[in-house]
Amino acid sequence: MNTIDWKSLPFGYVKTDYNVRSYFKNGQWSPLEVSSDENLNIHMASTCLHYGQEAFEGMKAFRGKDGKIRLFRPDENGKRLELSAKGVMMQPVPIDLFVEACKKVIKLNERFVPPYGEGASLYLRPMLIGVGPQVGVKASAEYMFVVFATPVGPYFKEGFKPIKVQIVRDFDRAAPLGTGLFKVGGNYASSLVAIDRGHKEGFSSVLFLDAKEKKYIDEAGPANFFGIKNNTYVTPDSHTILRSITNMSLRDLAADMGMKVETRQVPVEELGTFEEAGACGTAAVISPIGSITDRETGKVYEYCKDGKAGKVCTQFYERLRGIQEGEIDDKFGWNVVV
Ligand SMILES: *Cc1c(COP(=O)(O)O)cnc(C)c1O
């Protein structure tokens with residue numbers, strides 16, 4: 001029945017069999033409903049469509065060598081969705097319901113969980129939207145929580161290669177006291193033009209600076225930034241950065257590998273002092289950074305001069321993927337077997 005070529009799957013949408021849904025109405029969440037409909041039937045005055053009452057999550061399930069399916073730290077995604085929900089005044093989804101929905105959507109779509117060793121995975125997209133009709137600026141009284149799944153191919157089809165990144169100063173993804181720390185669509189809407197221009201100018205990704213002073217590294221569109229020097233893992237700290245679960249995990253791995261870990265402001269000039277740099281997030285785990293070009297000043301910071309990913313980035317990537325695929329002992333207890 002499956003005729004999917006797992007290796008050449010893009011990071012895109014492929015229809016699967018089922019999605020799961022729960023509705024918040026009259027003060028309570030409904031039991032999970034299973035649907036095979038790809039469409040949502042919502043009121044045209046829904047607050048998600050007008051006032052951005054929307055938040056989402058992204059996570060991956062992997063099939064291990066032992067045949068078991070593992071989901072990486074779903075409780076952390078559940079907590080973050082709760083934070084995002086509160087940030088845009090939505091009804092939070094109980095963490096238990098969140099994890100149950102994720103497990104259920106994986107089981108229902110088990111035939112789409114790629115086999116071990118293809119580098120592919122089943123990507124889950126949980127989302128929470130305000131669906132109550134409202135014309136005045138107000139939070140909705142009704143919400144819909146949906147989790148759908150789609151198989152995605154290996155992120156690095158040509159291998160684990162360094163990428164080119166561009167610093168942008170004429171766009172901000174989030175205001176200093178705004179919604180940058182929440183995983184909400186609005187932050188993405190405000191980053192699309194800069195990301196698209198970056199792609200057209202030959203870069204894989206853009207790096208935003210702090211919106212207030214333009215002095216510190218914030219994050220790279222949909223991924224956090226980190227730098228490595230003197231056996232230290234350095235990652236920016238600011239109110240506007242989305243708390244990446246990959247980054248959180250890399251900090252634990254770094255400490256476990258005997259490195260120092262610093263979460264603090266990272267001035268742009270410090271880019272010149274790192275031995276390695278990378279972007280991290282669920283999609284790629286790690287994208288090793290080969291060079292960072294400051295679009296306005298023209299300054300270029302280079303890392304992997306030989307065109308290969310650095311040693312530390314490679315170690316991180318292999319350890320994290322190894323844990324996610326059940327090849328390396330999960331000493332932190334991050335995996336949930338489905
Ligand atoms: C989702 C996301 C990340 C990565 O977070 P992970 O939990 O590691 O997937 C980084 N930055 C932004 C803005 C994001 O939305």
Side-chain angles (χ1 to χ4, degrees), residues 11 52 54-62 71-85 87-88 95 98-99 102 121-128 147 149-150 152 155 163 165 168 171-176 178-195 198 204-211 216-226 233 235-254 263 266 277-289 313 316-317 319-321 323-324 332 334-336:
F11 191 85
E54 183 275 349
F56 68 98
E57 277 301 327
M59 49 219 294
K60 280 177 173 175
F62 299 87
L71 185 58
F72 191 68
R73 308 188 81 174
D75 48 319
E76 291 297 337
N77 293 84
K79 280 192 245 170
R80 190 168 64 191
L81 184 62
E82 182 178 18
L83 180 82
S84 302
V88 294
I95 311 251
F98 179 89
V99 176
C102 293
S121 57
L122 186 70
Y123 182 78
L124 304 191
R125 174 52 62 88
M127 52 189 264
L128 175 63
V147 186
T150 187
V152 294
Y155 199 84
I163 59 164
V165 175
V168 293
F171 287 97
D172 295 315
R173 67 175 277 282
T179 55
L181 73 166
F182 309 126
K183 207 170 177 81
V184 296
N187 298 334
Y188 279 80
S190 56
S191 69
L192 290 177
V193 175
I195 291 174
S204 307
S205 187
V206 299
L207 203 50
F208 293 97
L209 302 183
D210 77 284
Y216 304 102
I217 304 296
D218 213 54
E219 66 171 311
N224 279 185
F225 174 85
F226 66 86
Y233 180 91
T235 191
D237 188 21
S238 91
H239 175 78
T240 49
I241 295 176
L242 193 284
R243 303 295 186 267
S244 155
I245 295 161
T246 312
N247 193 353
M248 201 190 291
S249 310
L250 290 177
R251 290 201 294 261
D252 288 346
L253 284 183
T263 305
V266 178
C280 61
T282 295
V285 182
I286 288 174
S287 297
I289 296 177
C313 281
F316 279 153
Y317 179 73
R319 272 202 74 181
L320 204 50
R321 274 308 285 264
I323 292 173
Q324 291 175 331
F332 301 96
W334 286 336
N335 290 322
V336 168

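Atoms within a ligand are numbered from 1 in the order they appear, just like the ligands themselves.
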Element-labelled atoms of ligand 1 that are located less than 4.0 Å from some non-hydrogen atom of [X]:
X: N224; answer: 10 (C), 11 (N)
X: R80; answer: 5 (O), 6 (P), 7 (O)
X: Y188; answer: 2 (C), 12 (C), 13 (C), 14 (C), 15 (O)
X: A223; answer: 10 (C), 11 (N)
X: R173; answer: 13 (C)

Just need the protein heavy atom nearest to [atom], so name the residue and atom and give the distance.
atom: atom 9 (O) of ligand 1; result: T282 OG1, 2.5 Å
atom: atom 11 (N) of ligand 1; result: E219 OE1, 2.6 Å
atom: atom 10 (C) of ligand 1; result: P222 O, 3.2 Å
atom: atom 2 (C) of ligand 1; result: K183 NZ, 2.5 Å

Below 4.0 angstrom, N of the basic side chain to O of the carboxylate: do E219 and R173 qualify?
yes
Is the shortest heavy-atom distance from the side chain of E82 to the side chain of F98 under 4.5 Å?
no
Are Y233 and N247 side-chain neighbours, meaning at least one heavy-atom pair lies under 4.5 Å?
yes
Is it the side chain, the backbone, both or neither of T246 that has a heavy atom closer than 4.0 Å to ligand 1?
both
Side chains of S249 and R73: donor-acceptor distance under 3.5 Å anywhere?
yes
Applying the side-chain contact (heavy atoms from CB on, under 4.5 Å) test to P236, which of D218, L209, V266 qualifies?
V266
Aromatic rings F72 and W334: how do their planes relate, parallel, tilted or perpendicular, breaks at 30° and 60°?
perpendicular
Is there a heavy atom of G221 sitting under 4.0 angstrom from any atom of ligand 1?
yes
Test side-chain hydrogen bond (donor to acceptor under 3.5 Å, both in side chains) applied to D210 and S238, step by step
CA-CA 8 Å; D210 77 284; S238 91; over 6 Å; no
Can you list the steps and then say if S190 with D172 is a side-chain hydrogen bond (donor to acceptor under 3.5 Å, both in side chains)?
CA-CA 7 Å; S190 56; D172 295 315; over 6 Å; no
Mind checking whether G281 has an N or O less than 3.5 Å away from an N or O of ligand 1?
no
